[in-house]
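Just below is one structure, and these are the notes that go with it.
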Amino acid sequence: MTIFTPYQLNKTITLANRIIMAPLTRCFADNDLVPTQLIAEYYARRAKVGLIVSEATIIDPLGQGYPNTPGIYTNKQIEGWKKVTQAVHEKGGKIFCQLWHCGRVAHSCYTQKQPVSASVTSWHGKVPRTENLEYEMAKELSIKKVKKLVKKYAKAAKNAIEAGFDGVEIHGANGYLIDQFLRQDTNKRQDKFGGNKKRRSRFALKIVKAVSQAIGADKTAIRLSPQAYVHLEYTKGDEKTYQHLLKKLNKLNIAYVHLGAFSDHYTFDYLDKGKASEFIRKYYKGNFISCGGYNINTANEAIDGSKADLIAIGRPLIANPDYMEKIKNNQDLVEYDMLMLSKLI
Ligand SMILES: Cc1cc2nc3c(=O)[nH]c(=O)nc-3n(C[C@H](O)[C@H](O)[C@H](O)COP(=O)(O)O)c2cc1C
């Protein structure tokens, strides 16, 4: 078995190979947060991967934390995404939309409003891509607003299907809103959305269920970072919330769980002394995408050793639009450089 072996995700979706394009925020949407023709062409150039996961796409104006990140809540945005999904499908590819809300790492410079989160907390440091702006104190979401947000995720998922996506990946990773509900560092609530592992998992699970109901569990996926590596801190016991969540996800028959990580080389004492990918594989029995610093050899090893079913590749796909052709023909890859982020090649 290699990365070139097709993979049947479920009854409705079969992938041509086991390489997934990781979600990669590029900040090239227009000022109405609508994806452009250039974005459609950028994704179409990469359509030979088994599945593209789109850049994180905001489900609500209040969820924006970076400039020119696309949305999926207006008709114009749905129309913009149609160009992208059509271009990818014409090349024989498949594409999921990553659904995003930044929570407390959103900023009023984009939203004109105070950010919202599980509790009244703030992240420290400067907001990237701004001139020295600091992160702001978030307002706690009322239960009514939490429930409204769950509906917004479901509506965004329906919009994504209308826009031609093959499914959605709920962004539960990287310290954004859903992760903020999962963690003790950011969730201080004592109502039904906080206080213990079951209640901290409730927001994520409600979203997964609402999205599954709206578009089908076979088209619903989630990305998670059990290792807490960005935008929040680990607190002793968080791993129990993740174990609980992963066990619950086992029963929901979703398309896949995807590790959100920059590097899957590290081990963590609190993740049973193993890697974040091993932790997910241990507790989650469905389709699993690993990610974080893989190359073609380590990807093949992981798949052959059944450490993951699929491998997501991020930075090398920014640097090499023709990544699949190159690895098939054993050609050298261009090395990724951050300067490449200034242009869509
Ligand atoms: C420029 C850039 C943008 C990213 N944007 C997102 C994003 O929108 N959503 C997300 O879940 N992860 C995002 N990530 C993380 C990647 O999906 C991936 O986890 C990371 O790049 C590690 O994989 P790699 O070593 O193959 O690059 C981003 C990473 C980079 C470098």
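We count ligands from 1, going down the list as the structure has it; atoms in each ligand are counted the same way.
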Option from Tyr43, Trp81, Tyr256 for which ring-ring contact (aromatic ring centres under 6.0 Å, His included) with Phe96 holds =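 Going through Tyr43, Trp81, Tyr256 one by one, the ring-ring contact (aromatic ring centres under 6.0 Å, His included) with Phe96 is satisfied by Tyr256 alone.
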
Indicate whether the side chain of [X] and that of [Y] have a donor and an acceptor atom separated by less than 3.5 Å.
X	Y	answer
Glu41	Gln37	yes
Asp185	Thr235	no
Asn68	Asp30	no

So which residues, sorted by chain and number, lie with a heavy atom under 4.0 Å of ligand 1?
->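 Ligand 1 is contacted, at a heavy-atom distance under 4.0 Å, by Ala22, Pro23, Leu24, Thr25, Ala56, Gln98, His171, Asn174, Arg223, Ala261, Phe262, Cys291, Gly292, Gly293, Ile313, Gly314, Arg315, Pro316, Leu341.
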
ring-ring contact (aromatic ring centres under 6.0 Å, His included) partners of Tyr66, counting only residues at least two apart =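 Here the qualifying residues are Trp100.
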
Ignoring hydrogens and angles, tell me if any N or O in the side chain of Arg189 forms a donor-acceptor pair with the backbone of Leu141 under 3.5 Å.
->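 Such a contact is found between Arg189 side chain and Leu141 backbone.
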
